[in-house]
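Order of the sequence lines fixes the chain letters, A, B, ..., with proteins taken first and strands second; residue numbering starts at 1 for each chain. These values consider heavy atoms only, across backbone and side chains, with no hydrogens, waters or symmetry-generated copies.
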There are 2 protein chains.
Amino acid sequence: MSTPSRRVEVQEQILGANERLASENHVRLEEAGVFSLNLMASPGAGKTSLVERTVEALAAQMRIGVVDGDIATSLDADRAAAAGAAAIQINTGGQCHLDAHMLRGALDQLDLEALDLLIVENVGNLICPTGFPLGTHASVLVASVPEGDDKPYKYPGSYRGIEVLVVNKIDLLPYVPFQMDRFTQGVEMLNPGVLTFRLSCQTGEGLGAWLDWVRRAVEAQRQKRGQG
Amino acid sequence: MSTPSRRVEVQEQILGANERLASENHVRLEEAGVFSLNLMASPGAGKTSLVERTVEALAAQMRIGVVDGDIATSLDADRAAAAGAAAIQINTGGQCHLDAHMLRGALDQLDLEALDLLIVENVGNLICPTGFPLGTHASVLVASVPEGDDKPYKYPGSYRGIEVLVVNKIDLLPYVPFQMDRFTQGVEMLNPGVLTFRLSCQTGEGLGAWLDWVRRAVEAQRQKRGQG
């Protein structure tokens with residue numbers, strides 16, 4: 001078995017290379033004036049549903065690209081494309097997260113100049129993706145009510161490094177044991193004041209505020225480029 | 001950055017060492033006559049609730065140990081101990097799965113001769129734990145209805161290598177879009193005829209069949225040891 005120090009060394013080399021590629025991705029997105037999101041969540045929290053609802057609502061107002069990371073199948077990219085986005089699938093071949101190198105390959109396949117918004121849907125995993133920044137403008141964690149109110153306490157890393165928190169499936173609050181106070185307290189300890197949207201992709205409740213925020217962020221990115 | 005071949009080589013060394021340690025763990029559990037389960041699932045599918053229900057129901061009939069893997073906190077081990085088990089917490093320090101070496105450390109802390117059943121609750125992750133067998137007698141995947149019926153298609157690896165499938169939160173079926181036929185079809189493609197329990201840890205529906213199976217498996221292990 002490799003020595004622990006050798007393992008750590010290999011790991012640091014991988015993470016360092018990822019940081020460099022993430023910076024390069026960020027520059028490309030900035031230069032093209034594209035606002036970009038990295039959606040992370042447990043399997044089944046509702047990333048793909050949020051992508052669908054967002055694309056359906058905004059496709060008439062802006063040009064949207066979606067990059068779907070998955071360990072198998074192109075089900076998610078198919079759903080994003082059906083909703084009206086330019087969708088690229090990355091099959092990670094079993095790997096548990098996207099990395100900046102994979103996103104670079106996807107950016108190569110997209111006409112960035114023809115996009116206003118890029119949504120990257122990461123692999124469903126609450127742990128591994130947090131260690132691999134992709135170079136997007138904002139990291140969005142999609143939590144969901146049926147997962148339980150203890151998740152910030154148990155997966156602190158995924159709540160710490162994010163700019164936006166979406167709490168999905170609020171329509172299930174009457175049917176599951178979930179204390180919003182306990183959940184929020186855990187989030188506040190890790191990421192005080194983090195921008196939070198509570199919504200249901202199923203019923204549409206609360207989606208408006210999320211969509212307004214995306215619209216404003218895309219507009220701000222456009223104006224920034226116009227001034228650049 | 002390390003070369004890909006170097007990364008693969010390090011990875012193979014790690015997996016090979018894990019297999020050896022898993023075999024050693026298995027021998028220890030066999031010799032002590034302990035029947036053992038490796039519970040795997042997405043975050044929030046209900047692993048800990050299943051442990052609680054199982055310990056509450058069976059603690060009067062058998063001696064139960066619980067090993068809880070988590071990247072932070074001892075919330076799960078506290079719940080298992082409160083339900084009546086001898087509980088050991090493994091904090092993985094951020095690592096996304098348990099491995100056989102970590103389980104060995106936990107076995108060292110338990111009096112195996114004083115146990116009939118050992119439940120190992122893996123880290124909440126539908127991808128990484130599948131690559132690291134621990135040496136337990138059966139791998140149990142806990143799926144949950146609100147995660148959606150597409151999960152076997154999207155996370156095939158986690159459905160392939162298991163002996164038992166528990167479909168939890170069936171009380172939420174009326175409130176979420178989940179077609180049991182589509183789910184079952186996906187499971188059957190990957191793991192034909194896998195032993196399946198559909199239940200709700202919240203309402204108790206379907207728990208009896210699961211508990212009967214655990215009881216019988218523990219009894220068979222006891223008899224096997226008696227004859228050995």
### Message
Looking at Glu205(B), I want to see if its CD is surrounded by more than 12 non-hydrogen atoms of other residues, nucleotides or ligands under 6.0 Å.
### Response
no
#### Entry: Leading residue by heavy atom contact count with chain B [cutoff under 4.5 Å; candidates Ala72(A), Gly148(A), Pro156(A), Gly157(A)]
Ala72(A)
### Query
Is it the side chain or the backbone of Lys151(B) that comes within 4.5 Å of chain A heavy atoms, both, or neither?
side chain
### Message
Atom CD of residue position Glu188(B) - does it have more than 12 heavy atoms of other residues, nucleotides or ligands inside 6.0 Å?
### Response
yes
### Task
Against chain A, work out which of Asp76(B), Val176(B), Leu126(B), Val123(B) has the most heavy-atom pairs shorter than 4.5 Å and name it.
Asp76(B)
### Message
Take a 6.0 Å sphere around CG of Asp181(B) and say whether it holds more than 12 heavy atoms from other residues, nucleotides or ligands.
### Response
no
### Message
As an exercise, state the distance from CG of Asp70(A) to OH of Tyr153(B), rounded to the nearest 0.5 Å.
### Response
14.5 Å
### Query
Of Thr92(B), Ile71(B), Ile127(B), which is the lone residue that meets side-chain contact (heavy atoms from CB on, under 4.5 Å) with Ile127(A)?
Ile71(B)
#### Entry: Interchain contact, Cys128(B) with chain A, by part (heavy-atom threshold 4.5 Å)
side chain
### Message
Report which part of Val145(B) has an atom under 4.5 Å of a heavy atom belonging to chain A: side chain, backbone, both, or neither.
### Response
neither
### Query
Is Lys154(A) close to Leu75(B) at the side-chain level, that is, under 4.5 Å between some pair of heavy atoms?
yes
#### Entry: Neighbourhood of chain A inside residues 38-47 of chain B, taking heavy atoms under 4.5 Å as contact
Ser42(B), Pro43(B), Gly44(B)
#### Entry: Criterion side-chain contact (heavy atoms from CB on, under 4.5 Å) on Leu172(A) and Tyr175(B), from CA distance to verdict
CA-CA 7 Å; Leu172(A) 295 179; Tyr175(B) 311 115; 3.6 Å; yes
### Query
Should the heavy atoms of other residues, nucleotides or ligands under 6.0 Å from NE2 of His101(A) be counted, would the total exceed 12?
no
### Query
Non-hydrogen atoms of chain A under 4.5 Å away: do they reach the side chain of Thr48(B), the backbone, both or neither?
side chain
